[in-house]
Structures are given as C-alpha cells and as structure tokens.
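The next block holds one structure in the form of structure tokens; read it before the comments.
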Amino acid sequence: MSVIELTIGGTRREVPAGTTGAEVFTDTPEAIAIRLNGVPADLHRELSDGDAVEPITLDEPEGLDILRHSAAHIVAQAVQELFPGTKLGIGPYIKDGFYFDFDTAEPFTPEDLKAIEKKAQQLIKSGQRFRRVVVSEEEARRRMADEPYKLELIHDRASTGDTGEAGVEVGAGELTVYENLDRRGEVVWQDLCRGPHLPDTKPIRGGFAVTRSSAAYWRGDQAKAALQRVYGTAWKSKEDLKAYQDRLAEAERRDHRRLGRELDLFSFPEEIGSGLSVWHPHGAIARGEMEQHARRRHIENGYSYVYTPHITKKDLFVTSNHLVTYADGIWPPITMDEERDAEGNVTKPGVDYYLKPMNCPMHILIYRERARSYRDLPLRLAENGTVYRNELSGALHGLTRVRGFTQDDAHLFVTREQLEEETAKVLEFVLSLLKDFGLSDFRLELSMRDEEKSKWIGEEEVWEVATEALRRVARATGLQLTEEPGEAAFYGPKIDLKVTDAIGRSWQLSTVQLDFNLPERFDLEYTDRDGSRKRPIMIHRALFGSIERFFAILLEHYAGAFPVWLAPVQVVGIPVAAEYAPHLHEVAERLRRHGVRVEVDDSDDRMQKKIRTHTKRKIPYQLIAGAEDQAAGAVSFRFRDGSQDNGVPVDEAVARILQAIEDKAQV
RNA sequence: GCCCUCGUAGCUCAGUCGGCAGAGCGAUUCACUCGUAAUGAAUAGGUCAGGGGUUCGAUUCCCCUCGAGGGCUCCA
C-alpha cells in the first residue's frame, strides 16, 4: 500500500494513499469541512501527497458559509419538490444567511414560504448526505438538461472562462455537481455547484429558518428574467439563531422610522411627496442642536459659511457636467419665461432651471467671483446645503434615502503643496466632531483610481501624489484602513469613513473626496507667489453626509435616548401631588434661565402614570418632588433606567444637569 | 423604475365568506391628590388611502392612481 505525506494542522504525517479529510479528522467531530491548501473543501475529499489540511468548524465564518450554502441547496430541493417545474438560479451564502433564486410560474406567497420551510426541515431531519461529483462539461449539460440557467452558466464558462458572480456555481477549476442522497443512498436531487458542502444535513438542524422572499433579476440585470428569491438563515445552534432573531428585533425596535413617529420627531406627509421630510418641533430641536454645534466647530476650524439657492439655470450643471454624469438623479426642469402664440407654438424659448443635486458648482462660483491668490488658500467654504435628487421610488427609505436632504457640505480649495496637510486637518476634524456625537468606532476606506486609463481624468502624477498623501493621512489616524483599488470616482481619489453603531451595524458617513475635474471645468485659478497662474485642487467634504441620514443613524444608535444636550426635552418635573407643583415650577424656571429645555407635568395623571409616560418619551431627567423634597428644598432624580437619586438640593441638581449638558454626557 | 406584500380612528391592530364600522392606547371632560412604569368613569373621533367598475347594495370582489414595507436595481 502506498503512502502519502500530509501537513495536518501544521504537523507532517504519513497516511495511506486515498485517505480523506474525514479520516484525518476522526478525532475532531466538530469538523464539517477542511481547508485544503488554504481553500475550503469537502470533508470527504480524497487527499494527495503534499497537501496541507486543517479542519473547518462552525465556529469560524467559513464554516458558517458552508452551512448556509448547504441550507440553500436544501431549500432549492424543497422548492422543486413542492413546485415541480421550477427552474434553478443561483444560491449563494450571504451575510447571516443565504438565498436561492428560482424561476417559478407564480411568485411565492407567505404560505408557500411556510410550506418551503417545513419541507426543508423534513429534508434536513431525514439526514441527507451531500456528494461531490466531478463531471465533464458534456456530463454537466446532460445532468442539467432541464435547467436553462445552469446551462447558461456552463456555456458562459466554456466560452469566456468568465464565471462572474456565478462563481458559487461554477468555479474556475473543474466542473462539479453536488448530489443530495437520501438514507438509502439514492440521488434525490442535484445541482451544479462548486461547493464545498457539509457532509450531511445534520449540522443544519440547529438554527435554520426561511425568512422572506423577493424578486431578483437573473444575474442582477434588469433586462433579464425576473426570478423569485427565497432568503433563509442558518446558524450553528438554536441559541445562535435566537440571538440573530433577537438582533433583528432589536434593530426593529430602534428603527428610526418607528422612533420618529413615537417620539414625534418628523414625518413624510403624503401630500408633500415621497422622500420629503418635515421636522416636528422635537425633531427640530435635536437637529438644530446638531447643526449649531457643528456650525460652531466649523467656524473654529477656519471654515466660512455661505448660502446658495436651491435652483439654478441649466448652464451651471452643463459646465459641471452633472447633467450628463448624473442625469438620472436630477429632477426634471422647470421652464421659465417661455412664450407661445395662440396656436401654442413657442415664440420665445424659455430657460430651464433645475433643483440643485449638488452644492459644489455654487461654491465654485463664489470662489471665482474674484481673482484669488495663494494668500486666500486654503479657502474653506461650508454650507448646510439642501439638495434634491430624483431617487427611484423603490430606493426610498425613511430618512436614510430621500429625495430632498441637507448636506453639511464643504468645499476646500487648496494648492498642491497644501493638499496633504489640509486633508489631514479635515480628517482629524471629522473624527473629532463625530466623537462629540458619541460615535467612536471608525474605519477608513481609501478609494484609488482604476487601472483602466479611460476611467479617470487628470495627470497620473497628480493622482499618485494625491493618493499617497491620502494614504499617509489615513494611516496617521491609526484607524483600520482598507484600500479599494478601482473604487475612486473618475475625478479623484477619496477617503470614506465608516462608523459602527451601538448594535454593531456599519454605516458609511463622511467622505473626503479630492477633485481634479471641476477646477478644470470651471477654469479655476489662483496667482502664486511668483505671479504665475495655477489651478487649485478641490476637496469635497461631507461630514454627516446628509444631516437627515446622520440624524437617523444617531437616533438608532441611541435607540431614541439621546444624550442630554441633544434631547428635545431634557428635564421633566413630576409632582407627587398637585400641591407640590409650584416647587417644581420654581426649579424649572431656574433651569430654563440657563437654557435647559424643561417641562413640569401638572396633568391629572397619577404620579406613576407620569413616570411611565416620560420614561417612554425617553426624557433624560425626571425630577420628582413631594412633601419631603419640598420641605428640604430638594428634588429627587429618576433616570431613564429607573435608578434614583433622592433628596438632591436644588442648587446641586441644577449644577448637575448643566454639567451633563456641557459635557455632552449620556445619562 | 421592477417584483411581491400592504393601506380600517392620532397610534397599534381586530373585523366584514358583499347587508348601518370595533378594541386598546392616545385626546377631551369629570371625580380622585396619590413617593418612583398604566386610578376610575364619561365623551368625542373613521367617505375603511383616492378614483373608476361589477352588484339591489362595496370598507369587503375587479381595475387604475397615490402611498408604505421587504427585496432587485441604483446610491454622484
């Protein structure tokens, strides 16, 4: 019997030829697959001389990916058993779950989904096994004869070698089919698939669920067939599944659309139009505090605030080229001053005005309003500029994706020499301001130019210098940095800032974007020290991105319980009985003189009811007073979490509250 | 924009297999004056999103429009 040498978990060992991963890891029962020379593979894969293998378990992300992909196969099998004639699309794992696309006669109803889940559970319980079969292209075609989408994938792979997004189905190497075998070893289902898969369905038993369905296009192309996508999730255990469902429920509780209604912050009246928000008094207070604070800090950091109109003649966005580059996002024009005769023929053409989708061209015009010298630079123009973008109706989502929103926009005009220092300052400023709002978990992404020369403009050398400057600046922050080649806009590299919120979700916030294009298009210049004319570089910089969206992120981050300085109502006084209300009104008056937003609840409700009401409103401080407090010239604090601090002298209470506001503290 | 689901009181939701529209919370009024998350009672409040069709009769069935939700696509 011949022998092969393997590296198993780092140590070399000789085993008989024909040994499989499963045989190597018999004493690692939690292994559900192997990493074969660094690449995930089936547990039952036969190993070759020189291979390096490690076990993959459900405790690592790759293990869960495999679990979910196998669960996707079971769902597909269930669907085809329940709905014969359904054709298969692709079925990859995704974050926290998987999906599988199907071409069906009818879309799935919620009852169908339940039936699919039930069927899948049965299949899982029946203990099916997965078997990998290497096939020739001809054999693959024969097995997939009834699956037109799979045949397309086989065809594309053969003709172009391009597996595209269907990489899950047909890898770059050999073609494989996975068979689902029942207890008797009969092949009950099969799918073209690169794998790897679980050895059998047992590990899926723990935490599997079908979650929802939706439409999706074949290969993400609107022109292609609309498929039905079934989403599901799968976890190592029931407990993990429960934890995942709890996370979803928590996100649901924090949903800014729900909180916005419950706390009476903002709304989207139908009469105004989709994606257009109105801000109620309490929402406006919190938003106003955000804006004022940001404004003060911008001024301290050398920014100059400007104001510009919401509409503009067409020519401006022709010059900037926005009308071409972003045509789809621009609202249809308003035609002004057109004259017609009695027959309706145009006798004098009108002028088209557009709602502005971006502020930059207007800021550029302010720059260009007079001759600039190197002494003017860096010039930092800032505006809370409201822009309008014609988002597709299906893309709208609460305050995070709207048709009218306000950018805390700034455009910095700098010389090449100033670029690095100024970018560093911008980034430092952005981080410092975001920290004021209680965010602390940041990550950076550097977007670099495409290799393809036609996809960017400007001089290669400027790109190199600028990208290198951004990289140095980004590294200097000490934050996690990922580099994204090919992700830059055509006009310059950028740094994006992502933030992770209180429940671990990642949001794209600020962006610092260099622009070599608009200064060129608008022929911007400054006179340098030696009298020569030079072109400035522009930095586009949105810090919150959109004020509305940032507000929504903060609202979810805090689950509606804002830190004191942002809370619409900061203090509410609750008398134990009506006769103690005057005492609290006096305290409230003292607070109000210091600018504190304070109410006294002298409604007829019982005190316990008032506590409940204001706790649900997430008011940071409830000040309760009865006979004891009044006699002692004191108040009793009750906080959002139910904790108390009783009998605090009024002077101290006022000082404490003012201090918390000053410190931007959470209480 | 595309696919699916949905739209009943301010909010959350029942309900009507086609026959005068329901609850809880909230609001208002009255009584109660109370020490840390719901006192009791009464009252008001809806062209069942809007329009059209079928029908003796439509909130209910059908069509269109508007809006929302979940995805797809998009996201300067």
Side-chain angles (χ1 to χ4, degrees), chain A residues 94 99 101 104 106-110 112-113 211-231 252 255 257-258 261-262 264 267-275 317 320-330 357-360 387 389-398 400-402 407 489-491 494 508 511 513 515 517-518 540 542 545-546 549 574-581 602-617 622-630 635-647:
Chain A
I94 53 176
Y99 67 77
D101 285 342
T104 62
E106 297 290 330
F108 297 120
T109 64
D112 291 341
L113 289 185
T211 49
R212 57 180 183 268
S213 69
S214 85
Y217 303 104
W218 172 235
R219 296 185 144 184
D221 183 346
Q222 256 186 79
K224 297 207 163 100
L227 305 178
Q228 293 298 310
R229 176 169 299 178
V230 174
Y231 286 89
E252 163 74 23
D255 190 309
R257 293 165 300 181
R258 166 201 282 257
R261 192 171 40 243
E262 286 175 358
D264 195 16
S267 60
F268 297 87
E270 253 189 57
E271 293 83 344
I272 293 176
S274 288
F317 287 108
S320 71
N321 211 36
H322 285 129
L323 268 172
V324 174
T325 321
Y326 311 122
D328 291 345
I330 296 183
M358 304 195 105
N359 302 301
C360 25
V387 296
R389 297 180 186 182
N390 189 15
E391 300 290 350
L392 293 176
S393 61
L396 299 174
H397 181 87
T400 61
R401 198 71 190 281
V402 289
Q407 291 181 308
F490 70 92
Y491 49 79
K494 65 172 174 175
Q508 147 100 47
T511 176
Q513 168 97 55
D515 188 346
N517 177 49
L518 286 178
H540 301 253
S546 132
R549 182 163 175 278
I574 300 177
V576 169
E579 62 180 287
Y580 312 111
D602 37 22
S603 70
D604 285 343
D605 286 337
R606 287 177 68 208
M607 168 208 181
Q608 288 84 340
K609 178 61 185 296
K610 291 180 186 180
I611 288 169
R612 177 179 156 87
T613 303
H614 302 297
T615 304
K616 284 173 74 178
R617 290 172 74 203
Q622 297 182 19
L623 296 186
I624 296 170
E628 293 162 35
D629 286 304
Q630 181 166 307
V635 289
S636 293
F637 280 77
R638 184 189 161 99
F639 301 94
R640 288 188 281 224
D641 65 357
S643 62
Q644 305 172 34
D645 197 351
N646 294 336

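Below, read A as the first sequence line, B as the second, and so on, with proteins coming before strands; counting in each chain starts at 1.
- Atom NZ of A:Lys616 is separated from atom P of B:C25 by 11 Å (rounded to the nearest Å).
- For the P atoms, the distance linking B:G51 with B:A9 amounts to 16 Å, nearest Å.
- Comparing the P positions of B:G7 and B:U36 gives a spacing of 44 Å, expressed to the nearest Å.
- Contact check, A:Ser393 against B:G1: a side-chain N or O comes under 4.0 Å of OP1 or OP2.
- Across the protein-nucleic acid pair, A:Glu252 atom CD and B:A68 atom P stand 17 Å apart, rounded to whole Å.
- Residue A:Tyr217 places a side-chain atom within donor-acceptor reach of the base of B:C2, judged by atom type and a 3.5 Å distance cut-off alone.
- Using Watson-Crick or G-U wobble geometry with both donor-acceptor distances under 3.5 Å, B:C30 finds its partner in B:G40.
- Using a 4.0 Å heavy-atom criterion, one finds that A:Gln644 contacts the bases of the nucleic acid, with or without backbone contacts as well.
- When both pairing distances are held under 3.5 Å, B:C72 makes a Watson-Crick or G-U pair with B:G1.
- Among the atoms of the strands shown, none is found under 4.0 Å from any heavy atom of A:Ala625.
- Across all strands shown, B:G67 forms a Watson-Crick or G-U wobble pair with B:C6, both key distances being under 3.5 Å.
- Within the 4.5 Å cutoff, side-chain heavy atoms of A:Tyr491 are placed close to those of A:Gln513.
- The partner of B:G22 is B:C13, by the rule that a Watson-Crick or G-U pair needs both atom distances under 3.5 Å.
- The shortest distance between the side-chain N/O atoms of A:Arg606 and the OP1/OP2 oxygens of B:U39 is below 4.0 Å.
- In this model, no side-chain donor or acceptor of A:Tyr99 finds a partner on the base of B:G70 within 3.5 Å.
- Regarding contacts with the backbone of B:G71, every side-chain N or O of A:Ser213 stays at 4.0 angstrom or more from both OP1 and OP2.
- You'll find the side chain of A:Asn646 stays beyond 4.5 Å of the side chain of A:Phe637, heavy atoms only.
- As judged by a 4.0 angstrom heavy-atom cut-off over every strand, A:Ala578 is placed among the base-contacting residues.
- With hydrogens and angles left out, the side chain of A:Asn646 and the base of B:G35 share no donor-acceptor pair within 3.5 Å.
- For B:G46, there is no paired nucleotide, since no Watson-Crick or G-U wobble pair has both relevant distances below 3.5 Å.
- Applying the 4.0 Å criterion to OP1 and OP2 of B:C4, one finds that A:Arg229 has every side-chain N and O outside that range.
- Rounded to a whole Å, the NZ atom of A:Lys609 is 14 Å from the C1' atom of B:C32.
- Between the CZ atom of A:Phe639 and the P atom of B:U36 there is a distance of 17 Å, rounded to whole Å.
- Of all nucleotides listed (B:A31, B:C72, B:G70), B:G70 comes nearest to the side chain of A:His397.
- In this structure, CZ of A:Arg219 is placed 17 Å from C1' of B:U73, rounded to the nearest angstrom.
- Here A:Ser214 does not reach the OP1 or OP2 of B:C4: none of its side-chain N or O atoms lies under 4.0 Å away.
- Note on A:His540: every side-chain N or O is 4.0 Å or more away from OP1 and OP2 of B:A76.
- Atom CG in A:Leu227 sits roughly 17 Å away from atom P in B:C2 (whole-Å rounding).
- A:Tyr231 comes within 4.0 angstrom of the backbone, heavy atoms only, and of no base.
- As a whole-Å value, the separation of A:Leu392 CG from B:C3 P is 13 Å.
- The side chain of A:Ser274 sits closest to B:A68 out of B:U33, B:A76, B:A68.
- The shortest side-chain heavy-atom distance between A:Ile574 and A:Met607 falls under the 4.5 Å cut-off.
- Between A:Arg257 and the phosphate of B:G70, there is a side-chain N or O to OP1/OP2 separation shorter than 4.0 Å.
- Note on A:Arg212: only backbone sugar-phosphate atoms sit closer than 4.0 angstrom, heavy atoms only; bases stay farther off.
- Taking atom P in both B:U28 and B:A44, one finds a spacing of 16 Å when rounded to whole Å.
- Taking the C1' atom of each, B:G19 and B:C6 are spaced 26 Å apart, rounded to whole Å.
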